[in-house]
Structure formats: C-alpha cells, structure tokens
Amino acid sequence: MTRTALIRWSAHLVAMVGLALEMGTVVLVARAVATGQSVPIYPYTAAGFVLGAAFPIIGWVIASRRPGNAIGWIFLAIGLSQALDTFNGQYSTYGLATSPGSLPFAAEAAWAGTWDWAPGFVLLVTLSVVLFPDGRLPSPRWRLVTWITALGLLLMVLPTAIAVWPHRGIELTGYSGSYASPDPAVEIAGALLVVGLLLSALAALLSVAGLIVRFRRSSGVERQQLKWFTFGGAIEIVVFAVTPFLVELDPSFLPVIIVAGALVAPLLPVAAGIAVLRYRLYEIDRIISRTLAYTALTAALAVVYIGAFIGLQAVLAPLTTGGGSLAVAASTLVVFLLFQPLRQRLQSAMDRRFNRSRYDAQQTVEGFAARLRDEVDLIRLAGEVQTVVGQTLAPDSVGVWFRPSNPASGR
C-alpha cells in the first residue's frame, strides 16, 4: 500500500469511527425512549450531534483530497472528540440510570465524558483558526499559539482524567454534579482545568489575531477562502451566543432554538470545506451580500410593522371597536408595499459594499445595453462586445464570429 493510500484509509477510518459513534448515540436515545426513560434535551444537544457528524465527513473529504493540509486532520480530530463526547454522555446516562451492570463500562464512559470534549473544543477555537486555509502558520513566530494550545489542552485533560478516575460514575448517580469533592486531587484538577481554559482562551484570541493578519495580507483565492471561513464562523457565533438569552427570555423558544442550532451547526465545517477545496469560491461575495441584505430587510420591515401597528392602533382605537384588526391589516399592507423597493435599495447598497465585482459588472452591462440601441456599425459593435465580456466575465480569450454572407440570398 502506498503512503497516499495509507493516509486516505486512515482518514476514512477515523471518519467511520466518528460516524459509528453518532449512530450509537441514536440507538441509545431510541432505546431510552422505548424503555420510558427521560432523555435530557438542551439547546446545544442537536447542534452537538450535527457537529459530531459534519466534522468527520468534511475532515475526511479534505484529508483524502488534500492530505498535506492539516485542516482536514484537525477537523477529523474535532469530529471524533465531539462524537465521543455525545456517545459517552448518552451511554453513561443510560447505563448508570438503570440497574448497575446493565451496560458494560458505563462508569468508564462517564469518566471519559469529563474530559473527552476538551480536544475538539480547543482545536476548534485555536489551531483550526490560525492554520486556515493551507494548514500552515502565517509565519514562524506564530508557533507560540501551538505551544499555548498544547499546554492548555494538557492541563484540561490529564489532571482531570487522573483525578476523576477513582470517582468514575459518581456524578451520574447523584453524589456530586460538579468538581466539588472531598478528594483534594479532584479540587486540584478543577483548578488546573480553569487554568487550561484560560490558556485556551488566550490561544483562541491569538488565533483570531493571526487570521486577521492573514486576511489583511491575502488576495485573490486566499482572500475568498478566508471569507468563506469567517462567514460560516460568524453566523455560528451569533446564533449560539443569542441562544441562551432566548431560552431565558421564554422557554417555549427551546424547540425552535434546537432546530436552528442543528441547521446552523454544519455551516462552519461546510464553509471551510468549500474554501479548502476551492469549490465556487467567488460565490461568497454574493452570499454575504444577500445575507446582509435580507437580514437588514427583515429588521427594517419588523420596525416598520411594529411602528405602524402601534401608531394606527392609537389613532383608530377611539374611532372604532375593531381598531386592532384594522391596524394589523394596514400595517401588513404597508410592509407589503415597502418590501420590493426596500429590498432593491438594500441589495444595491450591499452589492456596492460587499459584492463590488458583480455591481460593477451589472453597471457595465446596463451601459452597454443603452449604447447597443443606437449602434449600427458591426465592427464597432464587435469591439464593444469583446470589451464588455472581458470586463464582466474575465475569460482567457474573447472572439466574435460573424456568419459569412450568402450571395444567393442577397445577404
């Protein structure tokens, strides 16, 4: 077996292990539901499950096609860590909640669940950021980030794994739900975990700084790759940052938030996969422009609707008993009338700022269409066509073909 084939099979094996753990989680949840056990649902439950499936798949695709790029292997490690954490949580919960010994190694799974989340979390917020998109550091001086990451991860995993081993399974049987314990070793491990988290946070900040430096120095393909990555990451950060506040505001939002988290979770690995594999890179400008335009449009129409409803209700309430219904109808009509012109204005503004190439191409085509109505010289028209096509599509070569005249038909 060649070295390349061995690398691809290794990536395939890691991805299959991660996906097998995800399937095992589904089986455990189904078994718990079938036996009447309650399955805890949290805002990030579905998102964590989707991440555990998305990262191994995208990591396998990148590692098998770009084996020299560390991003693929980092994604495989992130996916395996997330899938292992999800599986261990369900396995130990089910095994320790029923009669002892109902599932083998349930206590060991609970022990692994205290630290198996750390590698994926740390790699996601540090090395996957600073090494993107080519798997190399921006410059040798950024090696400090890798050392801080390694030290932080070591402090988060090793002390906890050693100290919690004698107490494996205790947390899920009701003894203690935290690291508070009479055992001094567990207390020390908890303190070192905090130190590791702080070091990982520092490495994450430095990684973001490295990404910014790389973006400012980039151009062409690399800049488009970085746009894909930051776009996917920005959406995930916003959604997951807002989620806890929405749940606190109204617990009835929980089902919607769970679905939204599951839909948003794969954006970062998918966007990173598109960027690394260079699949339709230049679509990102249009996607960013459309996303920002429709977000601004939604916010503007919501403000108009609420303002119109409150104002019309205040005016119509003294005049009619159906002021509320009329205000709703009138506000809806106002929003309907404003939708198209407001969308066009916002889209044009966003294109000018975030999708400049498309905006310039559109202006060029519109100008050519205006000149075309008055142009009768074929030679000059051919030159105009070549110029417009070159400016808008930027092909390697442009040619204009004229059909030869037919003397028999007089043309």
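Model, not experiment: these values are computed from the prediction.
- Val157 meets the side-chain contact (heavy atoms from CB on, under 4.5 Å) test with Trp115, Ala118, Pro119, Leu153; sequence neighbours excluded.
- Taking each heavy atom of Ala163 and Ala189 in turn, the nearest pair found is CB-CB, 3.7 Å.
- Under the rule for a side-chain contact (heavy atoms from CB on, under 4.5 Å), the partners of Phe215 that lie at least two apart in sequence or sit in another chain are Ser218, Arg223, Leu226, Lys227.
- Put simply, the side chain of Thr146 reaches to within 4.5 Å of the side chain of Leu137, judged on heavy atoms.
- For residues 65-85, the set of pairs meeting the side-chain hydrogen bond (donor to acceptor under 3.5 Å, both in side chains) definition, not counting sequence neighbours, comprises Gln82-Thr86.
- The shortest distance between side-chain heavy atoms of Val130 and Leu206 does not fall below 4.5 Å.
- In terms of the side-chain contact (heavy atoms from CB on, under 4.5 Å) criterion, residue partners of Val259 (sequence neighbours excluded) are, by chain and number, Leu263.
- Residues passing the salt bridge (Lys or Arg N to Asp or Glu O under 4.0 Å) test with Arg136 are Asp134, sequence neighbours excluded.
- Met156 has its side chain out of reach of Thr160: every pair of non-hydrogen atoms, C-beta onward, lies at least 4.5 Å apart.
- Qualifying side chain to side chain donor-acceptor pair (under 3.5 Å) partners for Ser207, counting only residues two or more places apart in sequence or in other chains: none.
- For Asp116, the side chain to side chain donor-acceptor pair (under 3.5 Å) test picks out Asn88, with sequence neighbours left out.
- For Arg345, there are no side chain to side chain donor-acceptor pair (under 3.5 Å) partners at least two apart in sequence or on another chain.
- Salt bridge status for Arg217 with Glu222: absent, with no side-chain N to carboxylate O gap under 4.0 Å.
- With sequence neighbours excluded, no residue satisfies side chain to side chain donor-acceptor pair (under 3.5 Å) with Ser10.
- The aromatic rings of Phe132 and Phe229 lie parallel to each other, with less than 30° between the two planes, well short of the 60° mark.
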Please tabulate, one pair per line, all N/O donor-acceptor pairs under 3.5 Å involving side-chain atoms of residues 195-202, not counting sequence neighbours.
{"residue": "Ser200", "atom": "OG", "partner": "Gly196", "partner atom": "O", "Å": "2.9"}

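- Judged by distance alone, the side chain of Ser128 and the main-chain N or O of Leu123 form a donor-acceptor pair under 3.5 Å.
- A distance-only check finds no donor-acceptor pair linking the side chain of Arg278 to the backbone of Gln225 [under 3.5 Å].
- With sequence neighbours left out, the ring pair (Phe, Tyr, Trp, His ring centres under 6.0 Å) criterion links Trp147 to no other residue.
- Contact of the Trp228 side chain with the Val276 side chain is not registered, since no non-hydrogen atoms from C-beta on lie closer than 4.5 Å.
- Judged purely by atom type and a 3.5 angstrom limit, Thr25 uses its side chain to pair as donor or acceptor with the backbone of Leu21.
- Listed by first and then second residue, the ring pair (Phe, Tyr, Trp, His ring centres under 6.0 Å) pairs that reach into residues 185-206 come to none, sequence neighbours excluded.
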